[in-house]
Amino acid sequence: MNFEAIQTCLVTPHQLRQMLESEPLESWLTKSERSRLRSLRSPKRRTDWLTSRLAAKQLLRDYLNQTQNILVKLNEIEIYNEASDAPAFNIIHHSRFSIVDVNISIAHSHGHGICALSEIEQVGYVGVDIEKIRPLSRGVLRKFLNKEEMIRLSRQPISDLCENAIAYWTIKEAALKSLRANQSISLRDLRVSFKESGESSVSVADRRLQLIARYWQWKDFAIAIAHRSAAA
Ligand SMILES: CC(C)(COP(=O)(O)OP(=O)(O)OC[C@H]1O[C@@H](n2cnc3c(N)ncnc32)[C@H](O)[C@@H]1OP(=O)(O)O)[C@@H](O)C(=O)NCCC(=O)NCCS
């Protein structure tokens, strides 16, 4: 499937700092976004929230510019969460532009924010995840790996264990987000099969659903994007 048609934007804490030093919040956040920011108490959550909003806004601005030749300012793009908490957006003052076919997904980790964007008709719904690569305890592994995956992982060289476990985790979280589900689905109910092509397929227990995912590493982070067709 066409991963090239999925666009991503990653914002680092350093890039956020530069933005905050050079631009007032009003120039890139809407009024309701600023009010949401004020409601966030934890500094870590604020940084994560800000980097992921900046990533989403830059991605949407560039997408609109490239595909529809429309120039919008960052504070004309509003990112909000639907009832399921899945992210969505509005382009303020530009309702005549039809971008209903686009969906976004957001993830954050250790002050880094990432957003992925896809056209629903062409690619389907997208999900993204980013995780810092780190050792995970057996207790954590049990929360997202099913029995077969635990066995498969235990047969692999111990040196690869940490990265392989994180690969499962990010792929499953990205796949889960592409479902945009209201109800909670256990990550253990998602089954990941790695393919030689580098892509993975993800199936969901009790559902006839097949998702495709791609996983890569960037510095000491693991990143995955997944998508499912709109018909699924
Ligand atoms: C929804 C979920 C995937 C988010 O993952 P997370 O690790 O908490 O956080 P991430 O940074 O990866 O992603 C957060 C973003 O996911 C998005 N999101 C939340 N709910 C969503 C949903 N139902 N569908 C799609 N996207 C969703 C939001 O945009 C959110 O960011 P925001 O609040 O700043 O807008 C997660 O909370 C979840 O339910 N995981 C499964 C639970 C589980 O089994 N965990 C075991 C692992 S040890």
Side-chain angles (χ1 to χ4, degrees), residues 8-13 16 29-30 32-37 39-57 59-60 77-90 102-118 120 124-146 149-150 153 162 165-192 202 204-205 209 211 213 215 221-228 230 232:
T8 57
C9 176
L10 175 81
V11 171
T12 64
L16 175 68
L29 291 178
T30 67
S32 57
E33 287 169 338
R34 295 198 303 275
S35 139
R36 171 91 179 103
L37 176 65
S39 74
L40 303 175
R41 292 279 155 252
S42 140
K44 179 190 169 303
R45 172 68 174 134
R46 285 166 69 90
T47 307
D48 281 351
W49 189 88
L50 280 168
T51 45
S52 57
R53 264 59 198 172
L54 185 54
K57 284 166 179 257
L59 194 56
L60 281 159
I77 302 170
E78 181 155 281
I79 312 293
Y80 66 95
N81 294 84
E82 292 176 343
S84 65
D85 258 346
F89 63 90
N90 279 323
V102 171
N103 80 121
I104 57 168
S105 178
I106 279 175
H108 18 67
S109 176
H110 292 77
H112 292 67
I114 189 165
C115 181
L117 173 155
S118 69
I120 299 166
Y125 291 95
V126 69
V128 68
D129 193 41
I130 178 167
E131 297 289 340
K132 188 130 193 197
I133 299 171
R134 62 196 188 277
L136 301 172
S137 70
R138 264 195 108 66
V140 172
L141 291 182
R142 270 196 222 103
K143 283 189 182 159
F144 67 92
L145 294 174
N146 53 55
E149 290 165 343
M150 283 290 262
L153 204 65
C162 168
I166 291 278
Y168 274 108
W169 190 355
T170 46
I171 289 170
K172 286 185 178 210
E173 290 260 1
L176 191 64
K177 288 181 195 171
S178 76
L179 296 176
R180 302 176 81 85
N182 250 321
Q183 78 281 26
S184 78
I185 296 173
S186 167
L187 292 180
R188 282 193 303 261
D189 287 337
L190 304 184
R191 287 165 205 284
V192 180
V202 186
V204 187
L209 255 181
L211 301 98
Y215 163 85
F221 287 89
I223 299 172
I225 46 177
H227 64 84
R228 68 169 167 102

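Just follow the structure's listing: the first ligand is 1, and inside any ligand the first atom is 1.
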Full working for side-chain contact (heavy atoms from CB on, under 4.5 Å) between Ile106 and Arg53: CA-CA 8 Å; Ile106 279 175; Arg53 264 59 198 172; 4.1 Å; yes
Interatomic distance, Phe221 atom CZ to Ser109 atom OG [nearest 0.5 angstrom]: 5.0 Å
side-chain hydrogen bond (donor to acceptor under 3.5 Å, both in side chains) against Glu149, all qualifying residues, sequence neighbours excluded: Asn146, Lys172
Distances under 3.5 Å, N/O of ligand 1 against N/O of the protein: list each pair and its distance.
residue	atom	partner	partner atom	Å
ligand 1	5 (O)	Glu173	OE1	3.1
ligand 1	11 (O)	His108	N	2.9
ligand 1	11 (O)	His108	O	3.1
ligand 1	11 (O)	His108	ND1	2.9
ligand 1	12 (O)	Asp129	OD1	2.9
ligand 1	12 (O)	Lys177	NZ	2.8
ligand 1	13 (O)	Lys177	NZ	2.9
ligand 1	18 (N)	Asp85	O	3.4
ligand 1	23 (N)	Ser84	O	3.0
ligand 1	23 (N)	Ala181	O	3.0
ligand 1	31 (O)	His108	NE2	3.3
ligand 1	33 (O)	Arg45	NH2	3.0
ligand 1	34 (O)	Arg45	NH1	3.1
ligand 1	34 (O)	Arg53	NH1	2.8
ligand 1	34 (O)	His108	NE2	2.8
ligand 1	35 (O)	Arg53	NH1	3.3
ligand 1	35 (O)	Arg53	NH2	2.8
ligand 1	35 (O)	Asn81	ND2	2.9

Set of residues satisfying side-chain hydrogen bond (donor to acceptor under 3.5 Å, both in side chains) with respect to Arg142, sequence neighbours excluded: none
side-chain hydrogen bond (donor to acceptor under 3.5 Å, both in side chains) against Lys132, all qualifying residues, sequence neighbours excluded: none
Backbone of Ser118 reached by a side-chain donor or acceptor of Asn103 within 3.5 Å: yes
